[in-house]
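Beneath this line is the structure, given in structure tokens, with notes to follow.
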Amino acid sequence: MEQNAAEAKKATRGLQSSETPNYQPQQSFPFPTEVISLPSKGLVYPETNPLSKGEITIKLMTAKEEDILTSTNLIRKGIQLDKLLESIVVEPGVDINDLLIGDKNAILVTSRILAFGPDYNVTINDPEEKEAVETIVDLSKIKIKEIDEELLNRNNEYQFTLPVSKLPIKFKLITHGDELSINKDIEASQKTFKTGNEITARYRRIITEVEGNRDFGYISNFVSNRLLAGDSKALRKYIASMTPDLDLTFEYTSPFTGEAEALRIPFGVDFFYPAD
């Protein structure tokens, strides 16, 4: 057991902070904790936000968190990971809704490694043969994605000129709170119109200004009726290129062809339920 714990801590070394937090005095907790580094390095948060120091204290998963992950009620509602996040983030003064999605990913991946180790057994479809293949992903090899940090600012608002229409807009990088709102918008659309609206729902929360206009109704109308497909694709690509996150890919070697390629790690329901 002690050896497994040591291996897990070693596996998360890349995300663990090597410095003592200086934003608030070091605190003791009645449970084991770890201080981990955030992919954003805190550069997107106001200096008054405790996340601005670029690291966060999390609680190691206990039986309490296992209760959360196995709660049929939470699973039915699809909010077990949200409740898990609320439980393991113990940094004083942190509102988890403020967390950038990439920072949230780092917390969940690190928590999983610390709890169960770095080996993640998954089944994927071979890209060439389309056959199901069982493989093991080494989560300890996940690195923080490289981006141009000079593009980030503490207001988390950025300018972009749409290349086709030439219209100037401003946007924000999505947070956990935004993601919750987007999911509610999508659910409401599916109930009312019996169709999905994931792209437009996301843009309504991401885009903060169009041609100098910050009115939500104006932005919503623009997204639905005036945002050209070419502009939409270019905006998504630009946002992805500058968003702090983990590089959530792994090297897969096909047992059929012997060729290696980078594939996205499939995060299924068994991510927090490793096989015994």
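Here the NZ atom belonging to Lys41 is positioned 7.5 Å from the CD1 atom belonging to Ile144, to the nearest 0.5 angstrom. Within the model, atoms CD1 of Ile124 and CG of Asp126 stand 7.0 Å from one another, a figure rounded to the nearest 0.5 Å. To the nearest 0.5 Å, the span separating CD1 on Ile206 from CD1 on Ile182 amounts to 5.5 Å. The OG1 atom of Thr161 lies 11.0 Å from the CG atom of Leu235; values are rounded to the nearest 0.5 Å. Arg214 CZ to Ile219 CD1: the interatomic distance, rounded to the nearest 0.5 Å, is 7.5 Å. We find the CG-CD distance between Asn183 and Glu198 to be 8.0 Å, quoted to the nearest 0.5 Å.
In terms of hydrophobic clustering, with Ile, Leu, Val, Met, Phe, Trp and Tyr side chains grouped at heavy-atom distances under 4.5 Å, Ile239 and Leu248 are assigned to a common cluster.
In this pair, Tyr120 and Phe267 present their aromatic rings parallel. The plane angle is below 30°, not in the 30 to 60° band.
When side chains are defined from C-beta on, Asn153 does not count as touching Leu43, because their heavy atoms never get closer than 4.5 Å. Taking 4.5 Å as the limit, every side-chain heavy atom of Ile68 sits out of range of all side-chain heavy atoms of Phe272. In this structure, the side chains of Leu74 and Leu84 stay at 4.5 Å or more apart for every pair of heavy atoms. Two residues are said to be in side-chain contact when any heavy atoms from C-beta on lie closer than 4.5 Å; Tyr252 and Ser254 meet this criterion. In this structure, the side chains of Glu261 and Glu251 stay at 4.5 Å or more apart for every pair of heavy atoms. Leu227 has its side chain within reach of Leu162: a pair of non-hydrogen atoms, C-beta onward, lies under 4.5 Å apart. In this structure, the side chains of Tyr238 and Leu151 come closer than 4.5 Å at one or more pairs of heavy atoms. No side-chain heavy atom of Ile147 sits under 4.5 Å from any side-chain heavy atom of Thr243.
For the 3.5 Å distance criterion, the side chains of Thr57 and Glu91 qualify, holding a donor opposite an acceptor. Side-chain contact check for Arg236 and Ser232: at least one donor-acceptor pair (N or O, by modelled atom type) lies under 3.5 Å. Between the side chains of Asp231 and Ser165, at least one donor N or O sits under 3.5 Å from an acceptor N or O. A donor atom on one side chain and an acceptor atom on the other are found under 3.5 Å apart for Ser140 and Asp138. If you check the side chains of Arg204 and Ser224, you find a donor sitting under 3.5 Å from an acceptor. Side-chain atoms of Asp247 and Thr249 form a donor-acceptor pair, as typed in the model, at a separation below 3.5 Å.
Contact record, Ser111 with Met61: OG-CG, 3.4 Å, taken as the closest heavy-atom pair. Taking each heavy atom of Glu131 and Phe256 in turn, the nearest pair found is CB-CZ, 3.7 Å. When all heavy atoms are compared, the tightest approach of Leu173 to Pro244 is CD1-CD, 3.7 Å. Residues Met242 and Leu152 come closest through the heavy atom pair O-CD2, 3.7 Å. Scanning both residues, Asn213 and Asp215, for their nearest heavy atoms gives OD1-N, 2.9 Å.
Of the candidates Ile88, Leu114, Thr110, Ile56, Leu114 is the only one forming a side chain to side chain contact (heavy atoms under 4.5 Å, CB included) with Glu34. In summary, of the residues considered (Ile265, Leu81, Val122, Leu139), a side chain to side chain contact (heavy atoms under 4.5 Å, CB included) with Phe271 occurs for Leu139 alone. For the side chain to side chain contact (heavy atoms under 4.5 Å, CB included) with Leu100, the lone residue among Asn156, Asp178, Ile174 that qualifies is Asn156.
By the 4.0 Å N-to-carboxylate-O rule, Lys59 lies close enough to Glu65 to be salt-bridged with it. Ion pairing between Lys184 and Glu179 fails under the 4.0 Å rule for side-chain N and carboxylate O. Between Asp185 and Arg202, no side-chain nitrogen of the basic residue sits less than 4.0 Å from a carboxylate oxygen of the acidic one, so the salt-bridge criterion is not met. Electrostatic pairing of Glu157 and Lys172 does not count as a salt bridge here, judged by no charged N lying under 4.0 Å from a carboxylate O. A salt bridge links Arg226 with Glu211; the closest basic N to acidic carboxylate O contact falls under 4.0 Å.
Side-chain N or O atoms of Thr33 include none that pairs as donor or acceptor with a backbone N or O of Ile58 at under 3.5 Å. In terms of modelled atom types and a separation under 3.5 Å, the side chain of Asn197 and the main chain of Thr200 share no donor-acceptor contact. For the pair Asn121 (side chain) and Thr135 (backbone), a donor-acceptor distance under 3.5 Å is absent. Put simply, the side chain of Thr208 gets close to the backbone of Lys170: a donor and an acceptor are under 3.5 Å apart. Side-chain atoms of Ser87 never come within 3.5 Å of backbone atoms of Lys83 as a donor-acceptor pair (strictly under, hydrogens ignored).
Other residues, nucleotides and ligands contribute more than 12 heavy atoms inside 6.0 Å of the CD1 atom of Ile75.
For Phe31, the ring-ring contact (aromatic ring centres under 6.0 Å, His included) partners two or more places apart in sequence, or in a different chain, are Phe29. Applying the ring-ring contact (aromatic ring centres under 6.0 Å, His included) rule to Tyr203 yields no partners; only residues at least two apart in sequence or on another chain are considered. With sequence neighbours left out, the salt bridge (charged side-chain N to carboxylate O under 4.0 Å, His left out) criterion links Glu146 to no other residue.
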Item checked: Derivation of the side chain to side chain donor-acceptor pair (under 3.5 Å) call for Tyr45 and Asp103 -> CA-CA 12 Å; Tyr45 305 106; Asp103 291 342; 2.6 Å; yes

